[in-house]
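Here the structure is laid out as structure tokens; the discussion comes afterwards.
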Amino acid sequence: MCSKIDPVQIDLVARSALQSWTSLQLSIQHGFIEGNSQEKFSDLLDDLKYLCQEGRDQHEIEELLESAAYHDFNFIDEDMSFKDLAKAIVTCIRELQTGDLNQVVSKHFPSAKDALVKSVKGEDRTVLVEEGEALSEMIGEASIQEECSESVHSKKEKQEPIIDEDGFQLVQRRKKR
């Protein structure tokens with residue numbers, strides 16, 4: 001599968017994939033990891049590149065990602081995003097044989113565009129994904145903006161609690177907008 005692809009391209013695909021994995025980035029940002037997080041990230045990256053260069057299938061990549069999430073980065077990937085990530089990696093590598101690196105990586109890992117640009121320029125390749133950016137990619141830009149605007153409005157129109165004669169706070173219905 002990967003024999004025609006340059007190892008540098010495989011490195012960029014693997015790095016972009018890991019940097020676009022929200023659960024992994026949150027685990028690193030919030031310090032869920034025991035030990036050196038950069039070393040563990042580097043080890044995972046090396047293992048992923050090896051599997052890609054050897055032409056391993058999606059199932060083996062899934063096993064690597066799931067194991068790393070649980071054992072190295074101390075999180076349980078309940079939404080099974082590691083399966084989606086493995087599928088995107090395999091698809092991306094297949095498409096690299098016929099397509100342009102920038103387009104293929106940007107298509108499959110949109111939140112890793114900054115990492116790709118920096119790595120092509122020779123700068124530091126580690127880019128942390130912002131929580132809001134990653135969520136907007138997963139849920140969609142419109143729904144997050146709606147939730148944010150609703151929370152801003154609800155803060156402005158906060159209802160005062162009603163206390164009865166015994167000192168208990170009464171439950172109130174929300175005001176309609």
Going from [atom1] on [X] to [atom2] on [Y], what distance comes out if it is rounded to the nearest 0.5 angstrom?
X: L85; Y: K83; atom1: CG; atom2: NZ; value: 13.5 Å
X: T91; Y: L96; atom1: OG1; atom2: CG; value: 11.0 Å
X: Q25; Y: F41; atom1: CD; atom2: CZ; value: 6.0 Å
X: F73; Y: S23; atom1: CZ; atom2: OG; value: 12.0 Å

Among Ile, Leu, Val, Met, Phe, Trp and Tyr joined by side-chain contacts under 4.5 Å, find the other residues sharing a cluster with [X] and list them by chain and number.
X: F32; answer: none
X: F168; answer: none
X: L170; answer: I162

Heavy-atom closest contact (I33 atom, N74 atom, distance)
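Here I33 and N74 meet closest at CA-ND2, 3.9 Å.
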Where do S16 and L12 come nearest, in terms of heavy atoms and distance?
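Smallest interatomic distance, heavy atoms only, reads OG-O, 2.7 Å.
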Filter on salt bridge (charged side-chain N to carboxylate O under 4.0 Å, His left out), then keep only pairs touching residues 69-78, sequence neighbours left out; what's left?
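For residues 69-78, and leaving out neighbouring residues, there are no salt bridge (charged side-chain N to carboxylate O under 4.0 Å, His left out) pairs at all.
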Suppose we screen for side chain to side chain contact (heavy atoms under 4.5 Å, CB included). Which residues come up paired with D46, at least two apart in sequence or across chains?
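Counting only residues at least two positions away or on another chain, D46 forms a side chain to side chain contact (heavy atoms under 4.5 Å, CB included) with S42, K49.
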What pairs with E165 under side chain to side chain contact (heavy atoms under 4.5 Å, CB included), at least two apart in sequence or on another chain?
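Applying side chain to side chain contact (heavy atoms under 4.5 Å, CB included) to E165 gives none.
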Only counting residues at least two apart or in another chain, list the ones meeting ring-ring contact (aromatic ring centres under 6.0 Å, His included) with F75.
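Listed in chain order: W21.
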Using a 4.5 Å cut-off on heavy atoms from C-beta on, say whether the side chain of I89 contacts that of I93.
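Yes, their side chains come closer than 4.5 Å.
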Residues that K40 engages under side chain to side chain donor-acceptor pair (under 3.5 Å), provided they are two or more places apart:
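Per chain and number, K40 pairs via side chain to side chain donor-acceptor pair (under 3.5 Å) with no residue.
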For residues 59-71, dump all side-chain donor-acceptor pairs below 3.5 Å to protein atoms at least two apart in sequence or in another chain.
from : atom 1 : to  : atom 2 : distance (Å)
H59  : NE2    : E63 : OE2    : 2.7
E60  : OE1    : R56 : NH1    : 3.1
E62  : OE2    : Q58 : NE2    : 3.0

I'd like to know if M80 and L44 are part of one continuous hydrophobic network [Ile/Leu/Val/Met/Phe/Trp/Tyr, side-chain heavy atoms within less than 4.5 Å].
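Yes; tracing contacts between hydrophobic side chains, which count when under 4.5 Å, links both residues.
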